[in-house]
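The structure presented is a predicted model; accordingly, all values stated were derived computationally and were not measured. Any value given below was found using the heavy atoms of this structure, including those in side chains, with hydrogens, waters and symmetry copies removed.
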Amino acid sequence: MTSTNLWAGKGLAADEEAHTRRMVALFERCGDDEAAAVYARFLPENDAEWTVDELERGAHAGPWLELGAELGD
């Protein structure tokens, strides 16, 4: 199993972005819009939504999520 850590302002590699998009789509198909929005926030098109405080904390204090490879694959 591999995992991807997501945190405020992290530049996603292509595989990390694809994995995150699959998670968003999975939650949307399941009708869990709240969870989909949480994961979608980490996608590059939403980078401008992070607050200065969140960006300064970055990987040190979150917000962050960990995606397991088996989720959405």
Side-chain angles (χ1 to χ4, degrees):
M1 178 178 106
T2 61
S3 64
T4 300
N5 288 314
L6 304 173
W7 60 81
K10 176 184 180 184
L12 299 178
D15 61 327
E16 294 172 325
E17 182 178 339
H19 195 158
T20 304
R21 289 188 188 283
R22 287 193 303 273
M23 289 301 302
V24 170
L26 174 67
F27 284 121
E28 288 173 342
R29 284 193 307 272
C30 293
D32 191 344
D33 293 335
E34 186 176 329
V38 168
Y39 282 88
R41 189 167 184 219
F42 292 93
L43 293 170
E45 61 267 24
N46 298 317
D47 281 347
E49 295 180 21
W50 295 109
T51 67
V52 173
D53 289 340
E54 289 170 327
L55 291 171
E56 286 179 357
R57 288 190 310 257
H60 307 289
W64 59 271
L65 295 171
E66 184 173 341
L67 302 174
E70 74 282 355
L71 297 175
D73 287 340

Legend entry - Under the side-chain contact (heavy atoms from CB on, under 4.5 Å) test, residues paired with N46 that sit two or more places apart: A40, L43, E49
Legend entry - Under the side-chain contact (heavy atoms from CB on, under 4.5 Å) test, residues paired with A18 that sit two or more places apart: R22
Inset, instruction - Tell me, please, which residues at least two apart from A13 pass side-chain contact (heavy atoms from CB on, under 4.5 Å). - result: D15, E16
Legend entry - Exercise: identify the closest heavy-atom pair between L6 and Y39: CD1-CD2, 4.5 Å
Legend entry - Atom pair CG/CH2 of L12 and W7 - distance to nearest 0.5 Å: 9.0 Å
Inset, instruction - Establish, yes or no, whether the cationic atom of R41 lies under 6.0 Å from the six-membered ring centre of W50 and within 45° of the ring axis. - result: yes
Inset, instruction - Can you sort out the partners of E17 under salt bridge (charged side-chain N to carboxylate O under 4.0 Å, His left out), two or more places apart, ordered by chain and number? - result: R21
Inset, instruction - For E45, look at atom CD and say whether over 12 heavy atoms of other residues, nucleotides or ligands are found less than 6.0 Å away. - result: yes
